[in-house]
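Report on the following structure.
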Amino acid sequence: RDTKAEQSLWSMAKIQPLAAAASLCSSDDHRSQQGRQLAYTVWMKSLVFNGNGCTVYDPDGAVAFRVDNYGCRGGREVFFMDRQGNALIRIRRKGFGMFRRWEVCRCAHNGGQEEEATPWFTVRRAEKGGATMAMHGGAGTCYTIDGCSARKSEYRVRGVDGAVVAEVARKQTAAGVVLGEDVLTLKVAPEVDHLLFLGLVVVRGLINRSL
């Protein structure tokens, strides 16, 4: 018997009791959910045995997105994929020291063939353990992340006006039980691109080497 596989399935059922392990979510589902606030569950573990990464469940408990990083934690390049393994976002670490940045590209598909990734946004470390995000070709910072420390599970993403547009906290069950530090809830405002903020969660994980 595959004890490791059984433990993984048990953990998934504990995180998402709606039979998430057997559910599928298409790569187009996130677009149909735009315009309303959603709460995603982010499990900072890969579904691949001995791999690093994370798994994202949609509000209905279905596995929606995943990152499988086969290298070391905080790798130089990772892909954010849908459940079927189609790359949606490519994230590359560039530079060194205080000049380090994470460049994010959006991947497109045409007839099953992956097209060249399109530059989307860049994330850089900021003062007081935070980070800033600027869109490709933009004039300056669009969003800031309050807190990128590996010691903190909770953090918020703010717009240029200081308003919170997304926040991450440890997941709490309906019975009020707070799950482990690697099980998070991402709440996203209805008027923004949810995929962008899912990408930011992955970048933040790469910054503090939690995936």
Side-chain angles (χ1 to χ4, degrees), residues 5 8-9 11-13 15-71 73-93 102-121 123 133 135-136 157 165-166 168 171 182-206 210-211:
S8 179
L9 289 173
S11 297
M12 292 168 64
I15 293 168
Q16 280 289 4
L18 298 177
S23 300
L24 297 179
C25 178
S26 75
S27 60
D28 295 327
D29 282 352
H30 76 276
R31 285 189 289 270
S32 66
Q33 295 166 344
Q34 300 296 114
R36 61 191 178 100
Q37 185 179 42
L38 294 179
Y40 297 91
T41 297
V42 183
W43 188 25
M44 302 302 286
K45 289 187 179 295
S46 171
L47 295 180
V48 177
F49 180 61
N50 281 341
N52 299 308
C54 67
T55 307
V56 180
Y57 301 88
D58 70 15
D60 295 325
V63 175
F65 309 102
R66 60 190 175 93
V67 173
D68 297 322
N69 178 13
Y70 300 99
R73 292 181 181 271
R76 289 183 176 275
E77 180 179 74
V78 300
F79 289 90
F80 185 80
M81 302 173 288
D82 63 15
R83 179 62 178 85
Q84 288 75 26
N86 299 309
L88 304 177
I89 301 173
R90 186 191 71 198
I91 303 170
R92 285 180 175 172
R93 189 182 75 219
W102 287 260
E103 296 183 353
V104 182
C105 293
R106 197 161 192 165
C107 301
H109 301 268
N110 183 14
Q113 298 297 318
E114 184 176 332
E115 299 176 352
E116 184 176 353
T118 303
W120 196 8
F121 62 86
V123 179
M133 188 274 272
M135 301 299 292
H136 178 74
V157 181
V165 291
V168 174
K171 184 177 178 65
D182 61 348
V183 185
L184 310 173
T185 295
L186 166 66
K187 294 182 180 180
V188 186
E191 69 275 8
V192 299
D193 186 342
H194 296 175
L195 187 60
L196 184 150
F197 291 97
L198 287 164
L200 278 180
V201 170
V202 175
V203 173
R204 196 264 189 181
L206 293 171
S210 60
L211 59 81

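Hydrogens, waters and symmetry mates play no part in the numbers below; they use all other heavy atoms, side chains included.
For Phe80 and Phe65, the ring centers are positioned less than 6.0 Å apart.
A salt bridge is absent between Glu103 and Arg92; no separation between the charged side-chain nitrogens and carboxylate oxygens falls under 4.0 Å.
Inter-residue side-chain proximity for Val168 and Thr185 is flagged as unmet; no heavy-atom pair is nearer than 4.5 Å. Side-chain contact between Leu184 and Lys171 is absent, with no heavy-atom pair separated by less than 4.5 Å. Residues Leu38 and Pro59 form a side-chain contact, since some pair of their non-hydrogen atoms from C-beta on lies under 4.5 Å apart.
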Worked verdict on Val188 versus Leu186 for side chain to side chain contact (heavy atoms under 4.5 Å, CB included): CA-CA 6 Å; Val188 186; Leu186 166 66; 3.7 Å; yes
Worked check of side chain to side chain contact (heavy atoms under 4.5 Å, CB included) between Phe121 and His136: CA-CA 5 Å; Phe121 62 86; His136 178 74; 5.9 Å; no
Audit row: Met81, Leu88, side chain to side chain contact (heavy atoms under 4.5 Å, CB included) steps and yes/no: CA-CA 5 Å; Met81 302 173 288; Leu88 304 177; 5.8 Å; no
Derivation and outcome, side chain to side chain contact (heavy atoms under 4.5 Å, CB included), residues Asn52 and Ser46: CA-CA 5 Å; Asn52 299 308; Ser46 171; 5.8 Å; no
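Evaluated for a side chain to side chain contact (heavy atoms under 4.5 Å, CB included) with Trp43, the options Val63, Val56, Asp182 yield exactly one hit, Asp182.
Between the CG atom of Leu195 and the CD1 atom of Ile89 there is a distance of 4.0 Å, given to the nearest 0.5 Å. Between atom OG1 of residue Thr118 and atom CZ of residue Arg90 there is a gap of 9.5 Å, rounded to the nearest 0.5 Å. Interatomic distance, CD of Glu77 versus CZ of Arg93, reported as 11.5 Å (0.5 Å rounding). The CE atom of Met133 lies 6.0 Å from the CZ atom of Phe197; values are rounded to the nearest 0.5 Å.
For the pair Ala87 and Cys107, the tightest heavy-atom approach, listed with the atom from each and the gap, is O-CB, 3.3 Å.
Between the side chain of Thr55 and the backbone N or O of Val42, no donor-acceptor pair lies under 3.5 Å. Judged by distance alone, the side chain of Asp60 and the main-chain N or O of Ala62 form no donor-acceptor pair under 3.5 Å.
Both tests pass for Arg106 against the ring of Trp120: distance under 6.0 Å to the centre and angle within 45° of the axis.
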